[in-house]
Amino acid sequence: MTTTGEDHAAGRTGPAGPWWWPRRRSAVLDAGLALVSAAECAVEGVPFARDAGIPAAAGVVFGVLAGSVLLVRRQWPIAVVLVSIAITPAQMGFLMGIVGLYTLAASELPRRIIGALAGMSLVGTLIVTLVRVRQDMAHGDVAIGEWFVPFASITRSLGVTAPPVLLGLYVGARRRLMESLRERADSLERELQLLAERAEERAEWARNEERTRIAREMHDVVAHRVSLMVVHAAALQAVARKDPEKAVRNAALVGDMGRQALTELREMLGVLRSGEAVTGRRTAVPVPLAAVGAAAAAAASRMAEESAEGLAEGPRLTELEELVGQSAAAGMVVDLSVEGEARSYAPELEQTAYRVVQEALTNVHKHAAGAKTYVRLAHRVSEIAMQVENEPPPEVGSASSARLPSGGNGLVGMKERVVALGGVFLSGPTDAGGFRVSAVIPASV
């Protein structure tokens, strides 16, 4: 079966036609052409029968059968052209030859087959015309010089063969080009849809990462400050009647820590509100559908960057002594040691190191109240290392008198922070029965 360019062009729209026709309209067109061709060949079959010495009815029947072959031009264009070449000596099938050559040239067949059949049709028409013109001149029907014979033969053969072949090649090439453009447009649409989906995924990923990071920040602030507040409140309750002055100091410390916690929470909430406002203003402008995903990803990235800038203004390593002092004021015995020459680091690195020590101290308050704790900070050439290790509590297995709750997310948050900066995080119990938290972060972050 051979597929023509007309099938490609017609196969996109309209109801499906019968048999090999892509549409009913195509079937009606081919049926009409076949009917006209059959009528033409039937008329031309009468002189053919007279010259061949056969009954006129036989010539008419032969012409009808030969002309009807045009009905299958879309399915078998080669057969149509071969039949038209075969009946050329009988001077029949003028319409069938033209339409057959056009259909053949517009089909998806190799060019060498199209050229070979077109050449056969040209040679056949040339020979038949040459013979017929010579016979007419011999009978005296045409009284012109000998030059007219080749001129008429070449002109007629080219006129019958070249136009339909060239037109078919042009139409076929144009249809193939249009089909290629449609495929490219469909492919581009699919790529745009894929890019939009990927942009949505990136935006969702950015939002999840930002939520996780903000949750870590809020956990660090709330867990540490509130833990110290609970510890001081418990101490305040214990000494309120025995030592009023110490109770007053503890109450002042609780107030200071509460104010610090509120200040840090306000800063984080302020960053979130400003990020939401900017995102809302920028995404309120109508954008094309294909760019919605990219706009969402860009907005999420902008919000993440803005909140990162705001959160990057958090605690620094220079505040580590104050952090240790707060734990000492809550009754913890803390030993701070710093090795190496202190220097400034990237804000996110200093904030991460501070939060690791802060969370480790919070865990000591929760799970090993009264245990002596060692905080070590080492400034090295290409990295910064920190370690928080506590001894076993005075009574192994006893819980804190303040009954501090624990969500189990502290160690996970510390590890996420350190790993995000390319560092290494380790935590676990010591042989002596205490607990150790260690982290090493590259200095070139």
Side-chain angles (χ1 to χ4, degrees), residues 1-7 10 16-109 113-133 135-136 153 156-165 167-168 171-172:
M1 184 182 73
T2 303
T3 304
T4 64
E6 294 169 280
D7 295 338
W19 295 336
W20 57 80
W21 284 285
R23 294 184 298 177
R24 296 184 182 278
R25 189 172 65 180
S26 301
V28 172
L29 174 62
D30 289 355
L33 289 174
L35 183 62
V36 175
S37 177
E40 177 204 351
C41 292
V43 173
E44 294 171 345
V46 175
F48 166 71
R50 183 175 61 250
D51 295 341
I54 60 177
V60 172
V61 172
F62 175 74
V64 171
L65 294 176
S68 300
V69 177
L70 194 59
L71 187 66
V72 297
R73 70 182 185 95
R74 297 176 190 266
Q75 185 78 348
W76 296 293
I78 296 178
V80 174
V81 174
L82 290 176
V83 171
S84 67
I85 294 174
I87 63 176
T88 298
Q91 292 188 332
M92 298 170 60
F94 178 77
L95 176 62
M96 182 170 60
I98 294 177
V99 176
L101 287 173
Y102 165 78
T103 306
L104 177 71
S107 68
E108 301 294 333
L109 290 170
I113 296 178
I114 297 175
L117 292 175
M120 291 172 60
S121 178
L122 176 66
V123 172
T125 305
L126 178 65
I127 294 174
V128 170
T129 304
L130 182 64
V131 172
R132 182 62 63 177
V133 172
Q135 289 177 353
D136 292 342
S153 302
R156 186 175 184 276
S157 60
L158 288 176
V160 172
T161 306
V165 171
L167 180 61
V171 172

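As the structure is a prediction and not an experimental result, all values here were calculated from the model.
Checking each of Leu101, Ile113, Val72, Thr103 against Pro77 for a side-chain contact (heavy atoms from CB on, under 4.5 Å) leaves exactly one that passes, namely Thr103.
Contact check for Arg74 versus Leu29: side-chain heavy atoms found under the 4.5 Å cut-off. Between Val171 and Tyr102 there is a side-chain heavy-atom pair separated by less than 4.5 Å. Proximity of Met120 to Leu117: side-chain heavy atoms (C-beta onward) are separated by under 4.5 Å at one or more points.
With values rounded to the nearest 0.5 angstrom, Leu130 atom CG is found 10.0 Å from Ser157 atom OG. In this structure, CG in Leu82 is found 5.5 Å from CD1 in Ile85, a value given to the nearest 0.5 Å. Note that OG1 of Thr125 and CD of Gln91 are 10.5 Å apart. Values are rounded to the nearest 0.5 Å. Note that CG of Leu122 and CD1 of Ile127 are 9.5 Å apart. Values are rounded to the nearest 0.5 Å.
Residues Pro55 and Ala49 come closest through the heavy atom pair O-CB, 3.4 Å. Closest approach of Gly97 and Ser84 over heavy atoms only: CA-CB, 3.7 Å.
Without hydrogens or angle criteria, Ser37 side chain to Leu33 main chain gives no donor-acceptor distance under 3.5 Å.
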From CA spacing to verdict: side-chain contact (heavy atoms from CB on, under 4.5 Å), Leu70, Val99: CA-CA 8 Å; Leu70 194 59; Val99 176; 3.8 Å; yes
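Partners of Thr161 under the side chain to side chain donor-acceptor pair (under 3.5 Å) rule, at least two apart in sequence or in another chain, do not exist in this structure. Residues that satisfy the side-chain contact (heavy atoms from CB on, under 4.5 Å) test with Leu65, not counting sequence neighbours, are Val61. With sequence neighbours left out, the side-chain contact (heavy atoms from CB on, under 4.5 Å) criterion links Ser68 to Ala38, Val64.
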Quick one: side chains of residues 40-47, donor-acceptor pairs under 3.5 Å with protein atoms, not counting sequence neighbours, listed by atom name and distance.
unit_1: Glu40; atom_1: OE1; unit_2: Leu95; atom_2: N; d: 3.2
unit_1: Glu40; atom_1: OE2; unit_2: Phe94; atom_2: N; d: 3.0
unit_1: Glu44; atom_1: OE1; unit_2: Gly93; atom_2: N; d: 3.1

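Among residues at least two apart or in separate chains, ring-ring contact (aromatic ring centres under 6.0 Å, His included) pairs with a member in residues 28-48 are Phe48-Phe62.
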